[in-house]
Amino acid sequence: MTLNTLETPLVNSSRRDFIIKGTLVGGGLMLGVGALPETAFAQAGGSYDPNTPTRYGDAEVNAWVSIKPDDTVFIRVARSEMGQGTRTGLAQLVTEELECNWRKVKTQSATPGQSLARKRVWGEHGTGGSRGIRISEDYVRRGAAAARIMLVQAAANQWNVPVSELKVDKGVITHLPTGRKTTYGKVAELASSLTPPDPKSITLKDPRTWKVAGQPYARLDTADKVNGNKVYGVDLQLPGMLCASVKSCPVFGGKLVSYDEAKISNMRGVKGVVKINDSTLAVVADTWWHANTALNTLPIIWDEGKGANTSQDGINKMLRDGLDEQGDFWQRKVGDAPEVIQSSAKKVEAIYFTPFRAHVTMEPMNATVKISGDRAEAWVPTQNGEGSHAALSEATGIPLANCEVYKLDSGCGLGRRGSTQDFTTYAAKVAQKFPGVPVKVIWSREEDMTHDFYHPIAMAKMTAGLDSAGNVTGMHIKVSGQSINATAAPHNIKNGKDERQLQGFYEKGPDAQLGYTFPSLLTEYVMKNTHVPVGPWRGVNTNQNGIFMECFMDECAKAAGKDPVEFRRALMQSHPKHLGVLNAVAKKAQWEKPLPAGTYRGVAQFMGYASYSACVAEVTVQNNVVKVTRLVFALDAGHIVNPYLTREQIEGSVAMALGAIFLPEITVEKGRIKQQNLDTYPLLKLSSTPKVETVLVPTYDFWGGVGEPTICVVGPAVANAISAAIGRPVRNFPLSKENLSLA
């Protein structure tokens, strides 16, 4: 294992660097992948990274790999890095197929402008939904394998020997009969003249034989974070740069009426006020502190609109009323579940509530934009490089071919920096008023928290029937809540139905399916939208749906007089992967072994982001104060590229999930968000985090995600353990609504 690999941002110096076919460039090998989807995009000019003046374009090997004569290997990554380790995982996959020396591996970040000019050779740049590795693993591995084949063939040609007599290990090629050796860096020039193999014809390595991929290697970006070399968006410094702070109407949907710029024009450092749109403005100054101070002083008159009459109680009532509405809301029907339930020996019913949640990324929203003539450049911590690219072009009116986005590592993303690109748009609009000058726009923590795209609020009525033996006869799931697609992707709503909100309740599918088979089943979603914008929040809709399903499964097990694990197993026989993680977590947690007095267990299993997860929680409860002492997880993600990073992501999901079920919620008062900073919306403390144990059970037959799947089982497992401890179900979140707090 090595800890000393580095990252280097990719920079291309001219259009010649965009050549796709094999050609020699400065002693390196260039190889086209050829297996990726191509779209007719206009050509764009070269690009640069202001923080790394050294050019690496002349050393390009192919879209994914550059090999320098000194055997240094640059692995190019199109996905964003925001703390999840995707860049390291993809580098491991490329290294595995390329068979280079991991100690000489560095990474580069491809830009959307370069991708556009190369006919989208890197595919889409989005990083969300735990897809960073699972939707790009195939073509990056094939590109690396193609490069390896050409490099080995070059050595064979140089020595005039059959390829079958050669062996490569860590970038060193050996002729077995004679012991002669050479390196990738030395044969790169000769390899460049060869015809690239068809990547589709390449047989990739069996993951069970991996030597680099699958290993718990340290992250490539850790050293720069520790020594302070890592540059985040808020750190970026460019020559002559100005800074800006933004403010929008405190009530969503409200508008800007007027502001008195004269009141701040003489304040220190102030350069001016920019109206971004009908509800948002910015103050620009020489420093962000000066800009934000002036913005808070600026007299502003808002027309708050009809949203100002909205209250949290009103929103909650709307959701509750939705549960009683009758209509064409169904998603799945198996038999006549309501009728079966009504005629069953026992009926179990419960209503659950989950609130709005804010992202509260460690790094608030920001972007830096410079517009010079007919060219626009942006430096953005983004989860979607192409989305930022499009937003930059749309906001400025400058063609995509003349725009470039340099993706900076994000200080947390959680979905906020993905499909929604308001932070890029705002910066572009402000920079238009200061041509030739880079302008960095940073949102204050208050603005970031009160103008988020929140985790959607939801309620669910869960109803089940049991026969005299305690077996489930029917299940009725009815969710009432806000739709992400209503604003983010209305084209995905068909006939007033949004299946996205029932994520995890699907019959089957690669992303999220229900792990139980019920004799009769009805799932429904009643769309109830508010003026509060919502969007993806790490785990998205599996979070609340996992709580609804798994807490209710425990209530049904109790009503049936059965052990919660055994009760689930009886309904999971046709769902082997769901059952596999349930059995694995029960074994790891020693479910059958009695606990010490005062300690109680809860269990949950669910599927999301193409992975299967289960959790067992152990808690103690004294005077309504909950101490979560232990969490045990089982995860089947099909393939595990880096077990260290996988466990790291699971532990991160614990912090988010426990915070979501215990700490204060986002609420609406007079149409605005009441919680404005971390004093009223605190994050989980280290002292409240439990011991976390993980068992990985890869089945090596699919590619699943790891960043989000386990969040959805933390909440219900803990809630079920609490219910066992206090002798009653908990149904309202955060659990302060149940008079419970976290130790």
ask   = Does one side chain, of Gln544 or His455, offer a donor that lies under 3.5 Å from an acceptor on the other?
value = yes
message = Going by the rule side chain to side chain contact (heavy atoms under 4.5 Å, CB included), which residues pair with Gln605 if we only count those two or more places apart in sequence or in a different chain?
response = Tyr516, Glu550, Met572, His578, Ala614
key: Aromatic plane relationship, His639 with Trp703 - under 30° parallel, 30 to 60° tilted, over 60° perpendicular   = tilted
inquiry  = Any side-chain to backbone donor/acceptor pair from Glu339 onto Gly335? Under 3.5 Å, distance only.
reply    = no
Between Gln331 and Thr523: side-chain donor-acceptor atoms closer than 3.5 Å = yes
query = Picking from Lys528, Lys461, Lys317, what satisfies salt bridge (Lys or Arg N to Asp or Glu O under 4.0 Å) with Asp324?
reply = Lys461
request  = Give a yes-or-no answer on whether the side chains of Thr699 and Asp701 include a donor-acceptor pair shorter than 3.5 Å.
outcome  = yes
key: Donor-acceptor contact below 3.5 Å, side chain Ser80 vs main chain Thr127   = no
key: Polar side-chain atom of Glu665 near backbone of Phe356 as donor-acceptor pair, under 3.5 Å   = no
message = Please determine whether side chain to side chain contact (heavy atoms under 4.5 Å, CB included) holds for the pair Leu684 and Leu742, giving the CA-CA distance in whole Å, both sets of side-chain angles, and the decisive distance to 0.1 Å.
response = CA-CA 9 Å; Leu684 190 76; Leu742 183 64; 3.4 Å; yes
task = Show your reasoning for whether side chain to side chain contact (heavy atoms under 4.5 Å, CB included) applies to Val526 and Leu323.
result = CA-CA 7 Å; Val526 184; Leu323 295 177; over 6 Å; no
query = Looking at Glu738 and Arg728, does any basic side-chain N land under 4.0 Å from a carboxylate oxygen?
reply = yes
inquiry  = If we count only N and O atoms by modelled type, under 3.5 Å, do the side chains of Tyr525 and Arg500 hold a donor and an acceptor together?
reply    = no
key: Lys/Arg N to Asp/Glu carboxylate O, Glu693 vs Arg630, below 4.0 Å   = yes
task = Decide if atom NZ of Lys674 counts as having more than 12 heavy atoms of other residues, nucleotides or ligands within a radius under 6.0 Å.
result = no
Lys685 atom NZ: more than 12 heavy-atom contacts under 6.0 Å = no
query = Within the distance-only criterion (no hydrogens, no angle test), does the side chain of Arg79 pair as donor or acceptor with the backbone N or O of Gly126 below 3.5 angstrom?
reply = yes
key: Under 3.5 Å donor-acceptor, Asn384 side chain and Ser419 backbone   = no
task = Check Arg219, Gln649, Glu648 against Gln84 for a side chain to side chain contact (heavy atoms under 4.5 Å, CB included) and give me the one that passes.
result = Gln649
ask   = Any donor and acceptor pair, going by atom type alone, linking the side chain of Lys497 with main-chain N or O of Trp330 inside 3.5 Å?
value = yes
task = May I ask you to decide if Ile133's main-chain N or O and Glu137's side chain share a donor-acceptor pair within less than 3.5 Å?
result = no
query = Can you check side chain to side chain contact (heavy atoms under 4.5 Å, CB included) on Leu414 and Gln383, steps first, answer last?
reply = CA-CA 9 Å; Leu414 310 177; Gln383 290 181 240; 5.6 Å; no
inquiry  = Tell me every residue that passes side-chain hydrogen bond (donor to acceptor under 3.5 Å, both in side chains) with Lys347, counting only those two or more places apart in sequence or in another chain.
reply    = none
inquiry  = Test side chain to side chain donor-acceptor pair (under 3.5 Å) on Thr599 and Glu618; report intermediate values, then the result.
reply    = CA-CA 6 Å; Thr599 301; Glu618 295 180 7; over 6 Å; no
query = Salt bridge check: are Arg568 and Asp563 linked by an N-O gap of less than 4.0 Å?
reply = no
ask   = Is there a donor-acceptor contact under 3.5 Å from the side chain of Arg538 to the main chain of His359?
value = no
message = Donor-acceptor check, side chain of Asn529 to backbone of Ser483, threshold 3.5 angstrom: yes or no?
response = yes
request  = May I ask you to check whether Glu524 and His476 show a side-chain donor-acceptor distance below 3.5 Å?
outcome  = yes
task = Please lay out, stage by stage, how Val713 and Val585 fare under the test side chain to side chain contact (heavy atoms under 4.5 Å, CB included).
result = CA-CA 12 Å; Val713 291; Val585 81; over 6 Å; no
request  = Indicate yes or no: at least one non-hydrogen side-chain atom of Thr667 is less than 4.5 angstrom from one of Gln675.
outcome  = yes
request  = State whether the side chain of Gln573 and the backbone N or O of Arg569 hold a donor-acceptor pair below 3.5 Å, judged by distance alone.
outcome  = yes
key: Residue list, side-chain hydrogen bond (donor to acceptor under 3.5 Å, both in side chains) with Tyr352, at least two apart or on another chain   = Glu555
request  = Measure across Leu466 and Ala559 and return the closest heavy-atom pair with its distance rounded to 0.1 Å.
outcome  = CD1-CB, 3.8 Å
query = How about Glu566: does its CD atom have over 12 heavy atoms from other parts shown lying under 6.0 Å from it?
reply = yes
